[in-house]
Undergrad: 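Once you've had a glance at the structure underneath, I'll fire off some questions.
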Number of protein chains: 2
Amino acid sequence: MTGDHNSTILCRSVYILLMVVKGDQTRTRLIDAARTLVEARGYFGTGLNEVIEAGRAPRGSLYHHFPGGKDQLTAEALVVSAREIDALIRSLAEGVTDTRELIEAVLDALADRMEEAGYAKGCPIATVALEVAATNASLQQVCAEAYDGWERALADRLVADGHGRDHAEDLACSLLALVEGALVLARARRSRVPIERARRSAAVLLGA
Amino acid sequence: MTGDHNSTILCRSVYILLMVVKGDQTRTRLIDAARTLVEARGYFGTGLNEVIEAGRAPRGSLYHHFPGGKDQLTAEALVVSAREIDALIRSLAEGVTDTRELIEAVLDALADRMEEAGYAKGCPIATVALEVAATNASLQQVCAEAYDGWERALADRLVADGHGRDHAEDLACSLLALVEGALVLARARRSRVPIERARRSAAVLLGA
DNA sequence: TAAAATATGTAGATCGGTCTAGAGAGGCGC
DNA sequence: GCGCCTCTCTAGACCGATCTACATATTTTA
């Protein structure tokens with residue numbers, strides 16, 4: 001009886017797990033498709049038809065997994081992309097000796113990523129942030145939080161380098177701006193030169 | 001006879017002028033409407049229905065003045081906006097003593113403009129640049145040229161400050177990146193703090 | 001059987017773009 | 001000097017395509 005009960009629980013758990021995994025597979029494919037498309041063409045430039053085609057899912061699945069529609073899908077895609085960049089910063093931060101090296105590593109990684117994608121990638125947040133800043137409060141909030149997280153990661157490393165907290169936050173914000181701006185210029189020009197130049201300026205800001 | 005001829009020419013000239021002016025008024029209204037909407041919501045986020053409504057013009061007029069359709073209208077709107085910023089930089093450059101003051105003045109002006117518009121304005125080029133970098137060569141070209149012009153204006157002022165040409169171009173590119181990035185962060189967060197912080201970092205880059 | 005997830009179909013609006021009609025002006029022949 | 005022509009620009013109806021969103025099966029699994 002206890003055995004039956006346990007095996008029932010087990011079966012049920014496995015089922016739920018499988019369902020979750022399977023459901024999550026479709027869900028994940030949709031989010032990944034949205035991430036790629038939104039980064040390449042923005043919020044308004046990405047149609048849900050493209051998303052479900054790229055995500056190989058029927059229309060109904062999209063609204064099953066994302067009852068909030070396009071906004072929910074986009075918000076979740078932005079959160080995943082933001083976390084990925086955050087993890088990139090924090091993982092690179094462990095293998096370098098100071099923040100200057102960290103910024104250079106981040107710029108290199110983002111530049112490579114951008115070139116490899118034929119300039120369809122850059123900052124996964126910026127395009128949407130600019131499109132919705134004045135008209136969509138919830139997505140604007142998601143974008144703002146993404147930047148907050150990255151800035152915190154940079155500030156943490158600056159503090160570890162010995163900077164005071166206040167100065168670290170100031171500097172982290174400017175470094176983030178420099179990186180974001182370099183990505184904008186690089187994409188607009190389809191050239192990584194602005195990123196190389198930002199590297200040197202970042203070094204100056206960090207007192208190299 | 002000569003009088004008749006002259007008055008005929010005069011009438012004709014006046015007519016053509018009026019027609020040109022009238023045509024240009026509609027044309028200008030459409031471009032202005034497109035400028036505002038595109039800066040606020042980007043290329044894909046701006047519908048031609050909104051443009052003709054804001055520009056108080058019928059559809060026929062739009063396609064009369066812009067036979068190239070949405071792309072032509074957007075391209076011309078970007079060019080006008082780019083020239084406006086270029087003129088802003090060059091006019092501010094005349095009233096300051098060095099490039100540091102110029103950057104600070106530019107940042108102040110852009111931040112005011114952004115706040116006054118409720119964060120519906122920022123950089124008039126960036127949103128479109130990010131949306132079309134990988135998919136629309138002609139608009140991407142327009143964006144790239146806009147940034148080239150602004151960078152040249154900054155580099156000119158740096159050369160006037162005594163910097164060597166090569167170093168001036170490097171520095172101008174990074175300063176532009178810093179400004180662009182600060183605008184992105186400021187819009188995303190709906191706060192001018194990132195711009196204030198970029199001010200200080202710009203001063204550092206310019207050796208203040 | 002019940003619930004979850006998938007698979008379509010389609011509604012209703014809006015998209016960019018095209019088309020034709022007409023208003024308003026001067027030129028021009030008679 | 002009057003009617004007619006042409007030309008520019010305005011005006012809006014209209015087109016097929018696409019958009020987001022929802023509704024309705026069908027399949028899958030315990």
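For clarity, every value in this text was computed on a predicted model and none was experimentally measured. A note on names: the letters A, B, ... follow the listed sequences, proteins ahead of strands, and every chain is numbered from 1.
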Undergrad: Any salt bridge between B:Arg165 and B:Asp156, counting N to O under 4.0 Å?
TA: yes
Undergrad: To the nearest Å, give me how far apart CD (A:Gln25) and C1' (C:dT6) are.
TA: 13 Å
Undergrad: Give the rounded distance in Å between these two atoms: CD of A:Gln72 and C1' of D:dA21.
TA: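 Nearest whole value for this atom pair: 14 Å.
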Undergrad: Assess the side chains of A:Gln140 and B:Tyr119: does a donor N or O sit below 3.5 Å from an acceptor N or O?
TA: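 No, B:Tyr119 and A:Gln140 have no side-chain donor paired with an acceptor closer than 3.5 Å.
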Undergrad: For the pair A:Asp32 and A:Arg29, find out whether any cationic side-chain nitrogen is under 4.0 Å from an anionic carboxylate oxygen.
TA: no
Undergrad: In whole Å, what is the span from the CG atom of A:Leu48 to the P atom of D:dC19?
TA: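 Rounding to the nearest Å, CG of A:Leu48 and P of D:dC19 are 8 Å apart.
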Undergrad: Are B:Arg189 and A:Asp148 close enough for a salt bridge, meaning some N to O gap below 4.0 Å?
TA: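 A:Asp148 and B:Arg189: salt-bridged.
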Undergrad: Is any side-chain nitrogen or oxygen of B:Thr26 closer than 4.0 Å to OP1 or OP2 of D:dC9?
TA: no
Undergrad: Is it true that the side chains of A:Thr99 and A:Arg157 contain a donor and an acceptor less than 3.5 Å apart?
TA: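 Side-chain D/A pair, A:Thr99 to A:Arg157: absent.
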Undergrad: Mind calculating the distance between CG (B:Leu37) and C1' (C:dC15) to the nearest angstrom?
TA: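 Taking atom C1' of C:dC15 as the reference, CG of B:Leu37 is at 15 Å.
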Undergrad: Using atom CZ of B:Phe44 as one end and atom P of D:dC19 as the other, report the distance to the nearest whole Å.
TA: 11 Å
Undergrad: To the nearest angstrom, how far is A:Arg27 atom CZ from C:dT6 atom P?
TA: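 Between P of C:dT6 and CZ of A:Arg27: 11 Å.
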Undergrad: How many whole angstroms separate atom NZ of B:Lys70 from atom P of C:dT14?
TA: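 From B:Lys70 NZ to C:dT14 P: 15 Å.
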Undergrad: Under a 4.0 Å heavy-atom cut-off, which of residues 50-64 of chain B touch DNA chain C?
TA: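 Going residue by residue through residues 50-64 of chain B, the ones with a heavy atom under 4.0 Å of DNA chain C turn out to be B:Arg59, B:Tyr63.
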Undergrad: In plain terms, say whether B:Glu104 and B:Arg100 are close enough for a salt bridge, that is, a side-chain N and a carboxylate O under 4.0 Å apart.
TA: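 The answer is yes: the pair qualifies as a salt bridge.
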Undergrad: Look at A:Asn49 and D:dT18 and indicate whether a side-chain polar atom (N or O) is within less than 4.0 Å of OP1 or OP2.
TA: no
